[in-house]
Number of protein chains: 2
Amino acid sequence: MFIRTPADLGAIIKDNRKRLDLDQAGLAERVGVSRQWIVGIERGRARAELGLVLRALDVLGIKLNTIEPASLENAPSSPDIDAIVAASRKSST
Amino acid sequence: MFIRTPADLGAIIKDNRKRLDLDQAGLAERVGVSRQWIVGIERGRARAELGLVLRALDVLGIKLNTIEPASLENAPSSPDIDAIVAASRKSST
DNA sequence: TACCATTGTCAGCGCTCGCTGACAATTACA
DNA sequence: TGTAATTGTCAGCGAGCGCTGACAATGGTA
């Protein structure tokens, strides 16, 4: 599963929480956050804290890894950065 | 490259920024954040916003994917959650 | 040496996070 | 039907983010 947006991540967290048969309160306790935070992240809150997100993934047993272009001399970067930025800027919650 | 901590992510971002021959200001502009933010994230700021981080990875051409336990009936979860939480709690930056 | 680009850090500011505590809506079950 | 569990939402609060603007190190080059 690839992650491009906070919503993607929220879906993953929710799925895996259910897989583990945990309710929001249970996951919150294990991660060390409030239930509120779980609600927010599962709904795709964009401004959630990175550290907490990583902890949640860890608790759920989800490994996160990057697929980097490695060392391609002349960078392809991303297709159209402006579009990505423009689109991302709108996503508030 | 696996990501477990904000510092891991910072290192990845820094490496890839240099791979693309970008300075902090250049990357900041492309991502749509301040140069300050780049400085922070590369140093492992734990409380950075998820959405901005994802955008930075996108701009750098880094794909993020999860390796989930998929549907293992009885959850293995993570080894020792308490230790993870305790350790993570300290990382403030 | 002097100059320039890059990086790291500071202060101040507005805004939103994540928290607690509480309550309604939904679902499942006796 | 009534009860309990789960989930979503609200208000209020302290704390820290990310921003601008500025300045000091550092490193490379003429």
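Proteins get letters first, then strands, A, B, ... in listed order; numbering begins at 1 in each.
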- Taking only the side-chain heavy atoms of Gln36(B) (C-beta and beyond), determine which of dA22(C), dG21(D), dT6(D) contains the nearest atom. dG21(D)

- Would you sort out whether Gln24(A) and Arg17(A) count as a side-chain contact (heavy atoms from CB on, under 4.5 Å), showing the intermediate values? CA-CA 8 Å; Gln24(A) 294 176 340; Arg17(A) 173 174 65 78; 3.7 Å; yes

- Among dC19(C), dG8(C), dG18(D), find the nucleotide with the atom closest to the side chain of Leu52(B). dG18(D)

- Return the value, rounded to whole Å, for the distance between atom CG of Leu50(B) and atom P of dG18(D). 11 Å

- Salt bridge flag under 4.0 Å for residues Lys63(A) and Glu68(B): no

- Message: Within the 4.0 Å heavy-atom criterion, would you say Ala48(A) contacts the bases, only the backbone, or no part of the nucleic acid?
- Response: sugar-phosphate

- Item | From CA spacing to verdict: side-chain contact (heavy atoms from CB on, under 4.5 Å), Ile62(A), Ile67(B) | CA-CA 6 Å; Ile62(A) 303 172; Ile67(B) 301 181; over 6 Å; no

- Query: Do the side-chain N or O atoms of Gln24(A) get closer than 4.0 angstrom to the phosphate oxygens (OP1, OP2) of dG8(D)?
  - Reply: yes

- Side chain of Arg43(B): nearest nucleotide among dC19(C), dT9(C), dC17(D)? dT9(C)

- Task: Check whether any side-chain N or O of Asp8(B) sits under 3.5 Å from a backbone N or O of Thr5(B) as a donor-acceptor pair, and report yes or no.
- Result: yes

- Task: To the nearest Å, give me how far apart CH2 (Trp37(B)) and P (dT9(C)) are.
- Result: 17 Å

- Rounded to the Å, how far apart are Arg45(A) CZ and dG18(C) P? 6 Å

- Residue mapping more 5' on DNA chain C - nearest nucleotide basis, Glu49(B) or Arg17(B): Arg17(B)

- Item | Spacing between Asp23(B) atom CG and dG28(D) atom C1', to the nearest angstrom | 15 Å

- Message: Measuring from the side chain of Ser34(B) (C-beta onward, heavy atoms only), which nucleotide among dT20(C), dT20(D), dG8(C) has the closest atom?
- Response: dT20(D)

- Task: For dC17(D), take OP1 and OP2 only and decide whether either is under 4.0 Å from a side-chain N or O of Arg47(A).
- Result: no

- Would you indicate which nucleotide in dT7(D), dT9(C), dG18(C) comes nearest to any side-chain atom of Val39(B)? dT9(C)

- Query: Is the base of dG8(C) touched by the side chain of Glu42(B) through a donor-acceptor pair closer than 3.5 angstrom?
  - Reply: no

- Task: Let me know, please, whether Ile38(B) or Arg35(B) comes out on the 5' side of the other along DNA chain D by nearest nucleotide.
- Result: Ile38(B)

- Item | Asn16(B): which of Arg19(B), Lys18(B), Lys14(B) passes side chain to side chain contact (heavy atoms under 4.5 Å, CB included) | Arg19(B)

- Query: Rounding to a whole Å, what distance do you find between Leu27(B):CG and dT6(C):C1'?
  - Reply: 14 Å

- Could you give the CD1-to-C1' distance, from Ile41(B) to dT7(C), as a whole number of Å? 17 Å

